[in-house]
Each structure stands twice: as structure tokens, then as C-alpha cells.
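Numbering starts at 1 and runs along the sequence shown.
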Amino acid sequence: MLRGEERADRAEGVRRRPGRPSDHSRDAEILRLALDALAEADYDHLTLDAVATRVGRAKTTLYRRWPSKEALVLAAVQAVGRPPEADQLPDAGSLRQDLLAVVDSPWLGGPVRRLAVFGGLASAARVSPAVADAVRATVSLPYVQLYRDLLERAVRRGEVSSEHLHQLPVLAQVVPALSSQQLEGGAILGRAYFVDVVDHVVLPALGVGPVG
């Protein structure tokens with residue numbers, strides 16, 4: 001019979017034996033498909049089983065990588081990253097066109113898919129404080145800063161009077177706040193909605209006409 005120390009040594013050897021390394025080669029695809037599923041079904045109806053079926057992998061593979069749908073959605077939010085325009089401002093020739101360039105961005109597959117994804121994330125944020133915090137830090141706050149940067153540049157260009165400088169922090173929140181409010185209510189938003197917000201809320205508040 002093995003003495004206690006020998007049994008412990010052998011057990012430790014088993015625990016230390018390296019297993020097959022995890023395969024992360026399809027993580028980006030899986031997270032993209034998870035966002036598609038979230039956009040179509042909302043958070044309440046999202047399941048790892050449904051994502052596994054969409055991916056074409058056993059659900060146990062997903063469970064080993066992401067033990068819950070909250071973990072999966074959090075990973076998907078992190079993979080989404082910041083809006084690319086936040087790091088390279090669009091320069092379309094006028095404030096209006098710059099603002100609409102953000103609306104028309106190809107990021108996340110373009111406006112239609114992006115809004116559907118954001119709607120799914122809004123449904124997740126209502127249930128999960130962790131997802132809400134991640135969406136706010138990764139998407140919402142960068143968008144607010146992006147709009148503020150565009151407005152401040154319009155002032156430097158002379159397109160917007162400097163007398164409106166004090167309004168910029170609030171106006172930068174208008175598009176993100178209104179779109180978030182509508183998405184949280186389950187509304188289906190289209191480009192026309194954002195054009196209306198730009199033309200009838202943001203630009204008039206700055207004394208700028210809608211044509212540009």
C-alpha cells in the first residue's frame with residue numbers, strides 16, 4: 001500500500017499534468033455570432049445552447065470558455081471595442097455631414113446590424129449590472145466623447161459660434177441618450193430617426209442650419 005505522502009505526491013502529479021490547450025482560434029467568430037443571436041432574440045431569450053447551434057459546436061465547448069450567458073455577452077462587449085470614429089474623427093466637410101458619418105459608419109456591419117446589436121445589449125443591460133457597466137464604458141461614453149470632439153472641432157472651424165461652448169457637454173449626450181432611451185424601450189430605429197435628431201435638435205441648438 002502507498003503511504004499517505006506517496007498518495008499525495010501522485011495526486012499532485014495528476015493535478016499538474018498538462019491537458020490539451022484551449023483552442024481560441026474561433027473566439028472572435030463565436031462572439032460575433034453571439035451578438036447576432038442577442039440582436040435577434042434579446043437577452044431574456046438568449047441561451048448558450050442557441051449560440052452553440054449557430055456556431056456549430058457542442059454547448060460544452062462554449063460552457064468551458066464562458067460559463068454563463070452573462071460571461072459570453074461581457075466577452076462580446078469587450079470584443080466590440082470602441083467606435084472607430086472615436087479614435088479617428090470623420091472629416092466630411094461640415095458638422096452635419098460629420099455627425100451623419102458617425103450614423104452611417106460601417107462599424108459592426110453598418111447601421112442596421114449595429115442598431116440591432118445595441119438593442120440586444122440594451123436588453124442585457126436592463127438585467128445585468130455588469131453588462132450595463134461594460135456597455136457604458138466601452139460604447140456609450142466613447143460615443144459621447146466622440147460627439148463632443150466633433151462639436152468642439154466645429155467651434156474651432158468657425159462653423160459654430162464660441163458662445164455655444166457651454167452647451168457642448170450636454171449636446172454631446174443628446175444622440176447617445178435619445179438612442180439608448182429608444183432602444184431600451186424596444187423601438188426599431190432607422191437612419192431617419194438620427195437625421196431628425198441631428199437636424200431638429202443638435203444643429204438648431206447650435207444655431208446651425210441642417211444643410212451642409
Side-chain angles (χ1 to χ4, degrees), residues 35 38-39 42-43 77-78 80-212:
L35 287 178
L38 179 63
D42 77 36
Y43 190 72
V77 172
Q78 293 168 354
V80 161
R82 290 159 48 89
E85 291 81 12
D87 298 312
Q88 185 172 359
L89 294 181
D91 191 356
S94 72
L95 176 59
R96 181 177 188 269
Q97 293 304 319
D98 290 342
L99 294 172
L100 295 183
V102 178
V103 174
D104 294 331
S105 169
W107 184 45
L108 295 180
V112 174
R113 180 180 183 269
R114 186 169 64 250
L115 288 172
V117 167
F118 287 172
L121 291 176
S123 72
R126 287 195 295 269
V127 177
S128 166
V131 171
D133 289 343
V135 171
R136 186 178 303 109
T138 305
V139 179
S140 301
L141 292 180
Y143 259 127
V144 171
Q145 186 60 52
L146 163 59
Y147 284 113
R148 182 166 180 173
D149 289 343
L150 289 175
L151 298 179
E152 289 177 346
R153 188 177 65 184
V155 173
R156 292 195 298 272
R157 285 174 171 172
E159 188 177 356
V160 173
S161 171
S162 59
E163 69 182 18
H164 295 289
L165 274 172
H166 69 285
Q167 296 174 272
L168 302 190
V170 173
L171 290 175
Q173 300 179 52
V174 167
V175 175
L178 289 178
S179 59
S180 295
Q181 183 182 46
Q182 294 298 311
L183 289 170
E184 288 172 3
I188 299 175
L189 303 180
R191 185 178 188 274
Y193 172 82
F194 293 97
V195 173
D196 282 345
V197 172
V198 168
D199 285 347
H200 302 299
V201 181
V202 178
L203 296 182
L206 296 169
V208 178
V211 178

*Donor-acceptor contact below 3.5 Å, side chain Thr138 vs main chain Val135*: no
*Just jot down the side-chain hydrogen bond (donor to acceptor under 3.5 Å, both in side chains) partners of Glu159, sequence neighbours excluded, or say none.*
none
*Which residue pairs pass the salt bridge (Lys or Arg N to Asp or Glu O under 4.0 Å) test when at least one of the two sits in residues 186-198, sequence neighbours left out?*
Asp104-Arg191
*List the atom of Ala172, the atom of Val144, and the distance in Å for their closest heavy-atom pair.*
CB-O, 3.6 Å
Could you list the donor-acceptor pairs under 3.5 angstrom formed between side-chain atoms of residues 115-124 and any protein atom two or more places apart in sequence or on another chain?
from: Ser123; atom 1: OG; to: Tyr43; atom 2: N; distance (Å): 2.9
from: Ser123; atom 1: OG; to: Gly120; atom 2: O; distance (Å): 2.6

_Can you list everything that forms a side-chain hydrogen bond (donor to acceptor under 3.5 Å, both in side chains) with Ser105? Sequence neighbours excluded, please._
Glu85
*Mind checking what makes salt bridge (charged side-chain N to carboxylate O under 4.0 Å, His left out) contact with Asp133, not counting sequence neighbours?*
Arg136
*Taking all atoms of both residues into account, what is the closest heavy-atom pair of Arg157 and Asp98, and its distance?*
NH1-OD2, 3.2 Å
*When Val202 is tested against each of Leu150, Val208, Leu99, Leu95 for side chain to side chain contact (heavy atoms under 4.5 Å, CB included), which residue passes?*
Leu99
*Verdict with supporting geometry, Leu108 and Val80, side chain to side chain contact (heavy atoms under 4.5 Å, CB included)*: CA-CA 8 Å; Leu108 295 180; Val80 161; 4.0 Å; yes
*Between Ser179 and Tyr193, which heavy-atom pair has the shortest distance, and what is it?*
N-OH, 4.1 Å
*Basic-acidic side-chain contact under 4.0 Å: Asp42, Arg126*: no
*Looking only at heavy atoms, which two atoms of Leu35 and Arg113 are closest? And how far apart?*
CB-NH2, 3.9 Å
_Minimum-distance pair of heavy atoms, taken over all atoms of Arg96 and Asp199_ = NE-OD1, 2.7 Å
*Minimum side-chain heavy-atom gap His164-Val155 below 4.5 Å*: no
*Which heavy atom in Pro142 sits nearest to a heavy atom in Ala86, and how many Å separate them?*
O-CB, 4.2 Å
*Listed by chain and number, what are the side-chain hydrogen bond (donor to acceptor under 3.5 Å, both in side chains) partners of Ser180, not counting sequence neighbours?*
none
*Atom CG in Asp87, atom CZ in Arg82: separation rounded to 0.5 Å?*
4.0 Å
*side chain to side chain contact (heavy atoms under 4.5 Å, CB included) between Val102 and Val175, worked out*: CA-CA 11 Å; Val102 178; Val175 175; over 6 Å; no
_Whether Arg114 side chain and Trp107 backbone form a donor-acceptor pair below 3.5 Å_ = yes
*Is there a donor-acceptor pair under 3.5 Å between the side chain of Ser94 and the backbone N or O of Gln97?*
yes
*So, do Leu100 and Val198 sit near enough that their side-chain heavy atoms are less than 4.5 Å apart?*
yes
*Is the backbone of Leu141 close enough, under 3.5 Å, to the side chain of Gln145 for a donor and an acceptor to pair up by distance?*
no
